[in-house]
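Data first, discussion second: the structure below is written as structure tokens.
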Amino acid sequence: MKILLPLLFFLGEAHSRAASRPNFVLLMADDLGIGDPGCYGNKTLRTPNIDALAHAGVKLTQHLAASPLCTPSRAAFMTGRYPIRSGMASQSRVGVFIFSASSGGLPTSETTFAKLLKKQGYSTALIGKWHLGMHCDDQRDFCHHPLSHGFDYFHGLPLTNLRDCKAGAGSVFTSAIRVLVLVPLQLTAVSLVTLAALKCLGLLQVPRLVFLCLLLLAAAVLGILLSFLHYFRPLNCFLMTNHSVTQQPMSYDNLTQRLTADAARFIRRNAETPFLLVLSYLQVHTALFSSKDFAKKSKHHAYGDAVEEMDWSVGQIMSVLEELGLANNTLVYFTSDQGAHVEEVTATGEIHGGSNGIYKGGKGNNWEGGIRVPGLLRWPGVIPAGLEIAEPTSNMDIFPTVVKLAGSPLPDDRIIDGRDLMPLLRGTSQRSDHEFLFHYCNFYLNAVRWAPRNSTSVWKAFFFTPKFSPEGANGCFPTQVCLCYGHFVTRHHPPLLFDLSKDPRERNPVTPTSEPRFREIVATMEEAATRHTQTVRDVPDQFSLGNILWKPWLQMCCPSSSGLSCQCDREKQDRQVSR
């Protein structure tokens, strides 16, 4: 009896702790603008399920992505740290991973919230887009894979959805092809014609070998182009379940439905235990897609169809939580990895990017349109319904919020840049824990945000800004996304200063004439930037040339494939068996 009573007490305490820990459903859209959901002011896109999260929970109106690009933003979200701390911030033109068989990725030394929750007994899953790398040295190490970062289960796309993944949707490599292929072909053709003319006129003796070499060069360049266009899709656009390729190339047929159904199955399997589900949507990144149930139904054409299908998916997940009686013990979070991609316009003029509302800029730059994203949190009985919070918050804040609620201590061997959101969400604090936030354009510190404790102002100082092109545009259309260095930017000395509380559109910079404390404000922000940069340590660059290039020995292929054919559809086979 003396042994039994303590044992029963221990088991009761363990059960109580397990029951008090919430489940987590973290929903992340891709390239969704803050002006797209109805709860943020859109009157023509139908997003009733996303809007319901706002009505039943908290809407953050100054919620910020830690980076305006997919890969670094997602690295920050997973780790609660600025991406420069993990080497996930590019120093070159390429700011995201574009090949599945490259060796860069989220380092194993980084701690994700999934790792910490798994240690606390949570079942963990990531379904959808990953985009944080896969291999380091060989096909079997999976060092950057979700299963190496705390997830028990992964089903989705290891890279990202690209135009090249969908037949007839165009290519993100158009500019590169023009420079690296079409220009050399044109030069070769001009050389051939010129040499032939000179030879015919008897002005120059040209050996036949020269003509042969030029023809072979042209054939080689053309062959490389055709091979790239033929193989890119199967080699980079495929679905995996855990460590196995299940569909190569990826099929868009009912893709959102398939991933949503798998997310629902995960919830049902783990209804009796604490769980973490990260549902990372492929929508609304181009190539745009939607199933026949949603195609051609929206006023906003293909983009609107994709948004409305994603909204349907959010509703399906919420319905499962309600059905299983889990809604009141589940913290649901909805966001986007960065702002809408305003440069996404087709050759026929159809807009394939979303709306950033009143905000300037978009994906790829740190104007508010690029980093101010939807932020919705719902937890009935814990978070007040219908609350709107205008304080500065970050997608990095999800890390400490989730980790603390799960009962895990925060890592003490590294800087965590995120802040626990619960005091704000519960109303026990009226001010954000972020006095300063730092906005990076890839590797480069671009701007500082300051919300002084004794003021309602929110100051934002830019050290440089992108040069929009063509003149008067709201983006960088020739390069498809704004770049962060050299002649692509304008540097500001002193910094370009805005008061976002009065000028959220960032149209009227503050000057020493209009603001008597201009120099004092700028000096405070520059000092904060200096203190911050002193905490950043040198780490391996995950976007070095060696890490972003395609490596044949890292290429994943279906087990039944030979060479680079890489074709299989185990997902279709599994669906047929399940029927």
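Atoms considered below: every heavy atom in the structure, side chains included; atoms not considered: hydrogens, waters and symmetry mates. Source: prediction; values computed, not measured.
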Going through the checks in order, is the side-chain contact (heavy atoms from CB on, under 4.5 Å) test met by Val402 and Leu117? CA-CA 8 Å; Val402 164; Leu117 265 63; 3.6 Å; yes
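- Between Tyr252 and Phe289, the ring-plane angle classifies as tilted under the 30° and 60° cut-offs.
- The existence of a salt bridge linking Glu308 and Lys299 is excluded, since no basic side-chain nitrogen approaches an acidic carboxylate oxygen closer than 4.0 Å.
- Between Trp312 and the options Thr260, Thr47, Val307, a side-chain contact (heavy atoms from CB on, under 4.5 Å) holds for only Thr260.
- Under the 3.5 Å distance criterion, the side-chain polar atoms of Asp503 are left unmatched by any main-chain donor or acceptor of Leu500.
- Applying the side chain to side chain donor-acceptor pair (under 3.5 Å) rule to Thr393 yields the partners His63; only residues at least two apart in sequence or on another chain are considered.
- Checked for salt-bridge contact, Asp305 and Lys296 miss the test: no charged N lies under 4.0 Å from a carboxylate O.
- In this structure, Asn270 contributes its side chain and Ile267 its backbone to no donor-acceptor pair below 3.5 Å.
- Relative to the six-membered ring of Tyr40, Lys59 meets both conditions, a distance below 6.0 Å and an angle of at most 45° to the axis.
- For Arg85 and Asp417, the salt-bridge test passes: some basic side-chain N is under 4.0 Å from an acidic carboxylate O.
- Side-chain contact between Lys363 and Cys70: present, with at least one pair of heavy atoms (C-beta onward) separated by less than 4.5 Å.
- No donor-acceptor distance shorter than 3.5 angstrom exists from the side chain of Lys460 to the backbone of Pro504, with no hydrogens or angles considered.
- The closest side-chain heavy-atom distance from Phe436 to Arg449 is not below 4.5 Å.
- Gln338 and Asp31 share a side-chain donor-acceptor pair at under 3.5 Å.
- Checked by atom type and distance alone, the side chain of Asp36 pairs as donor or acceptor with a backbone atom of Gly33 at under 3.5 Å.
- Classified by interplanar angle (parallel below 30°, tilted 30° to 60°, perpendicular above 60°), the ring pair Tyr440/Tyr82 is tilted.
- A donor-acceptor contact shorter than 3.5 Å links the side chain of Thr535 to the backbone of His532.
- Taking the side chain as every heavy atom from C-beta outward, Thr273 and Asn23 never approach each other to under 4.5 Å.
- Side chain of Asn366 to backbone of Ala447: no donor-acceptor contact under 3.5 angstrom is found.
- In this model, a donor atom of one side chain and an acceptor atom of the other lie less than 3.5 Å apart for Thr44 and Asn42.
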Verdict with supporting geometry, Gln257 and Glu309, side chain to side chain donor-acceptor pair (under 3.5 Å): CA-CA 9 Å; Gln257 282 90 334; Glu309 183 171 45; 3.3 Å; yes
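- Note that the CG atom of Leu425 and the CD1 atom of Ile389 stand 5.0 Å from one another [nearest 0.5 Å].
- Checked by atom type, the side-chain pair Tyr281/Thr256 shows no donor-acceptor distance below 3.5 Å.
- No hydrogens or angles considered: nothing links the side chains of Ser291 and Asp293 as a donor-acceptor pair under 3.5 Å.
- For the 3.5 Å distance criterion, the side chains of His434 and Ser394 fail to qualify, holding no donor opposite an acceptor.
- Ring geometry, Trp130 versus His149: the interplanar angle falls from 30° to 60°, so the pair is classed tilted.
- Listed by chain and number, the residues in a side chain to side chain donor-acceptor pair (under 3.5 Å) with Ser408 amount to none (sequence neighbours excluded).
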List the steps, then state whether salt bridge (Lys or Arg N to Asp or Glu O under 4.0 Å) holds for Glu391 with Arg431. CA-CA 6 Å; Glu391 288 290 297; Arg431 298 305 303 262; 3.1 Å; yes
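- Here Leu106 contributes atom CG and Phe97 contributes atom CZ; the two are 8.5 Å apart, rounded to the nearest 0.5 Å.
- To the nearest 0.5 Å, the span separating OH on Tyr444 from CD1 on Ile84 amounts to 9.5 Å.
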As a quick check of understanding, evaluate side chain to side chain donor-acceptor pair (under 3.5 Å) for His439 and Asn446, giving each step before the final call. CA-CA 6 Å; His439 303 303; Asn446 187 184; over 6 Å; no
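- Although no hydrogens or angles enter the test, the distance criterion places a donor-acceptor pair under 3.5 Å between the side chain of Asn356 and the main chain of Gly361.
- Aromatic ring centres of Phe464 and His492: separated by at least 6.0 Å.
- A side-chain donor-acceptor contact under 3.5 Å links Ser432 to the backbone of Pro392.
- Between Lys118 and Asp152, at least one side-chain N (NZ, or NE/NH1/NH2) sits under 4.0 Å from a carboxylate O, which counts as a salt bridge.
- Judged by the 6.0 Å and 45° rule, Arg419 forms no cation-pi pair with Phe399.
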For residues 374-385, tabulate all N or O donor-acceptor pairs below 3.5 Å that involve a side-chain atom, not counting sequence neighbours.
residue	atom	partner	partner atom	Å
Arg378	NH2	Glu322	OE2	3.2
Trp379	NE1	Asn328	O	3.2

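- A donor-acceptor pair shorter than 3.5 Å can be found between the side chains of Lys129 and Thr160.
- Between the side chain of Thr533 and the main chain of Thr530, a donor-acceptor pair closer than 3.5 Å is present.
- For the pair Asn161 and Thr286, the minimum side-chain heavy-atom distance is 4.5 Å or more.
- Between Trp367 and Phe462, the two ring planes are tilted [angle within 30° to 60°].
- Within the 4.5 Å cutoff, side-chain heavy atoms of Ile398 are placed close to those of Leu421.
- Contact check for Phe468 versus Lys360: side-chain heavy atoms found under the 4.5 Å cut-off.
- With a 4.5 Å cut-off on side-chain heavy atoms, Glu368 and Arg505 do not count as touching.
- One finds the CG atom of Leu69 at 11.5 Å from the CE atom of Met88 (value rounded to the nearest 0.5 Å).
- Within 6.0 Å of CZ in Phe443 there are 12 or fewer heavy atoms belonging to other residues, nucleotides or ligands.
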Using disulfide bond (SG atoms under 2.5 Å apart), reason through Cys476 and Cys482 one step at a time and then give a plain yes or no. CA-CA 5 Å; Cys476 305; Cys482 292; 2.0 Å; yes
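- For the atom pair Leu27 CG and Ser280 OG, the distance stands at 10.0 Å (nearest 0.5 Å).
- In this structure, the side chain of Gln120 does not engage the main chain of Tyr122 through any donor-acceptor pair within 3.5 Å.
- The shortest side-chain heavy-atom distance between Phe275 and Thr124 does not fall under the 4.5 Å cut-off.
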Start with the C-alpha distance between Asn395 and Thr335, add both sets of side-chain angles, then the distance that settles side chain to side chain donor-acceptor pair (under 3.5 Å), and finish with yes or no. CA-CA 8 Å; Asn395 65 351; Thr335 192; over 6 Å; no
Can Phe24 and Tyr333 be said to form a ring pair (Phe, Tyr, Trp, His ring centres under 6.0 Å), step by step? CA-CA 8 Å; Phe24 302 99; Tyr333 168 68; over 10 Å; no
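- Atom OG of residue Ser90 and atom CG of residue Leu483 lie 10.0 Å apart, to the nearest 0.5 angstrom.
- Each of Glu343, His285, His341, Arg163 was evaluated against His352; a single residue qualifies, Arg163, per the side chain to side chain donor-acceptor pair (under 3.5 Å) test.
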